[in-house]
Amino acid sequence: MPQPHVVVVPFPGSGNINPALQLAQALRHHGVFVTFVATEHNLRRAQQAAATEGAVSGREGFRIETIPDGLVDADRDQQDYDLGLSKATTHGQCTAPLRELVARLRGGATPDVPPVTCVLPTALMSFALEVARELGVPSMVLWTSSAAALMCHMRLRELRERGYLPLKDDSCLTNGYLETTIIDWIPGMPPISLGDVSSFVRTTDPDDFGLWFGDTESNNCTKAGALIINTFDALEPDVLAALRAEYPRIYTVGPLGSLLRRHHDEEDDAGGGSLDLSLWKHDTECLAWLDAQAPGSVVYANFGSLTVVTTAQLAEFAWGLAETGRPFLWVIREDIVAGVVSGSAAALPPAFQAETATRGRVAMWCPQERVLRHRAVGCFLTHNGWNSTCECLAAGVPMVCWPVFADQFTVCEYACEVWGVGRRLDAEVRREQVAAHVGEVMESVEVRRSAARWKAVAEEAAGAGGSSHENLLGVVEALGVSSLNSE
Ligand code: UDX
């Protein structure tokens, strides 16, 4: 049987590139040939950010190819860059280049490259499923958030049909309607407030792009031959059962970072070195700083690759961290505050910088999984992006949650109310609440015990014989037999 060859096509943001790269590496480890498709812009960024040249180059059984992202430079400087990317991919700007690439690789005319047997985009990349269908190549899709978030986004359509969406008028955004309207009919899910279904419900516009995109892209996942989710069975059993009842070809393979760790060690030993397509340069010196801190003492704050805050919110978080009296590592992306050209850390109150200079460390981007697994870290102040949440669960660290966008509200609700590992901050950031919640999760025996328990369950899922490990082998087998018919 020829070697299976999968073309992995992530949505061009860190929240999708990172898990797609992890999955791609895990598949390669099990003998699958991988072509990883980056955008030209992102590959340039990753090369500039890389610690070593080898980190972003192809290697045996793993090639990197590029397609354009459909944007011009001026679009990339916008705060809604992510939205711009979503529109560009939706409007077909990436379709022809991907079609040409897959067609070229499909035929097996490239020396030392086996013919393509599967196209595997992440969520938000329906056009890639369409390309696979047109070319008659089987497909799988990687949903990069939780199973509950997938179920919620799939139900945006029904929420619209039942008259919940779009919202009747702007008052619904602020009068408590989103919090007090309880949706208790989503299969496999506990009752959830309308506001926690998704950020995309926050609209009065029937033609809102985000609402349409969330609905369409989540439901389009079921058009793939199989659906891979970066979660694990024991974490979301009810909602996974409900999803599997609707669509049986689901492989849960998370936490992908845990699944990969063992492979990495082996490959580093064999001289392969780690692949890294980070779009920002990692500040690895913060690890040495963590080494000097007491176990479980540090508050780690990081809001991912997309969150934008105001100067006032940044100041409330700053003073909240100061009020905890604890050491902290705070990652402040240079563009996290809109309009601050000199880098967002410059927007921190000078008095805060002076007061916390000896116990706080600010970085621009860090190797997050290593930070979360560091013994000094005792709390994660997070926006509940799914990767961050999954990495945090795998590391057994309690969290303080401040959801902002898309799936983060659903993830926060599960973290706090279902998994018992976090406390949610109000949307309006207040320093007293930041400090109080940090203190509470770090001191609560109950929260720490839950966090430790989920770490153990995650390890079991990703270990030999665990559900995620077995499901990964199932994906490899399915790729080998090539029986995945897209709709
Ligand atoms: C987005 C969405 O916000 C998220 O809700 C969705 O599930 C995926 O896409 P993002 O906001 O960037 O992603 O958050 P997250 O999902 O947490 O992904 C961030 C990734 O970047 C993680 O893998 C994290 O480890 C990595 N990261 C982040 C770093 O390596 N270093 C950092 O300093 C910050």
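Residue numbers start at 1 and run along the sequence shown. Counting starts at 1 for both ligands and their atoms, in listed order.
- Comparing A406, G15, A363, P367 by heavy-atom distance to atom 9 (O) of ligand 1, the nearest is G15.
- Of the protein's non-hydrogen atoms, L306 CD1, 3.9 Å is the one closest to atom 1 (C) of ligand 1.
- The contact set between ligand 1 and W386, taken as ligand atoms under 4.0 Å from a residue heavy atom, comprises 4 (C), 5 (O), 7 (O), 16 (O).
- Here is the list of ligand 1 atoms found below 4.0 Å of a heavy atom in C366: 29 (C), 30 (O), 31 (N), 32 (C), 33 (O).
- A salt bridge between E65 and R63 is present, with a side-chain N of the basic residue lying under 4.0 Å from a carboxylate O of the acidic one.
- Remark: ligand 1 and E369 share no N or O pair separated by less than 3.5 Å (distance only, no angle test).
- Of the listed residues (Y300, W365, F11), the one carrying the non-hydrogen atom nearest atom 27 (N) of ligand 1 is W365.
- Every atom of ligand 1 is numbered from 1 in the order shown, and the set under 4.0 Å from a heavy atom of S388 is 15 (P), 17 (O).
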After noting the C-alpha distance and the side-chain angles of R375 and D291, does the key distance pass the salt bridge (Lys or Arg N to Asp or Glu O under 4.0 Å) rule?
-> CA-CA 8 Å; R375 59 172 176 72; D291 286 345; 5.1 Å; no

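- In this structure, R373 does not pair ionically with E391, as no charged nitrogen and carboxylate oxygen lie closer than 4.0 Å.
- Contact atoms of ligand 1 toward H282: 30 (O) (distance under 4.0 Å to a heavy atom of the residue).
- Less than 4.0 angstrom separates some heavy atom of G385 from each of these atoms of ligand 1: 4 (C), 5 (O), 14 (O), 15 (P), 16 (O), 17 (O).
- At least one heavy atom of H383 sits under 4.0 Å from some atom of ligand 1.
- Within a 6.0 Å radius of CD in E440, more than 12 heavy atoms belonging to other residues, nucleotides or ligands are found.
- Heavy atoms from both the backbone and the side chain of N387 come within less than 4.0 Å of ligand 1.
- Under 4.0 Å is where a charged nitrogen must lie from a carboxylate oxygen, and between R155 and E246 at least one such pair does.
- At a 3.5 angstrom cut-off on N or O pairs, D407 counts as close to ligand 1.
- Counted within 6.0 Å of CZ on R448, heavy atoms from surrounding residues, nucleotides or ligands total 12 or fewer; the atom is thus considered open.
- The side chain to side chain donor-acceptor pair (under 3.5 Å) check on N220 picks up S126, K223, with sequence neighbours excluded.
- The environment of CD in E460 is sparse: at most 12 heavy-atom neighbours from other residues, nucleotides or ligands sit within 6.0 Å.
- W386 and T144 share no donor-acceptor pair across their side chains, judged by distance under 3.5 Å alone.
- Between S305 and ligand 1, a contact under 3.5 Å exists for at least one N or O pair.
- Residue nearest to atom 32 (C) of ligand 1, selected from V331, D82, L21, N302: N302 (by heavy-atom distance).
- With a heavy-atom cut-off of 4.0 Å, Q408 touches ligand 1 through its side chain alone.
- Here atom 21 (O) of ligand 1 lies nearest to N18 when heavy atoms of T389, N18, L124, D276 are compared.
- At a threshold of 4.0 Å, the pair R424-D196 counts as salt-bridged, since one of the basic side-chain nitrogens sits closer than that to a carboxylate oxygen.
- Annotation: F405 places no N or O atom under 3.5 Å from an N or O atom of ligand 1; distance criterion only.
- Using a 4.0 Å cut-off between charged side-chain N and carboxylate O, D82 and K87 make no salt bridge.
- At least one N/O-N/O distance between E391 and ligand 1 falls below 3.5 Å.
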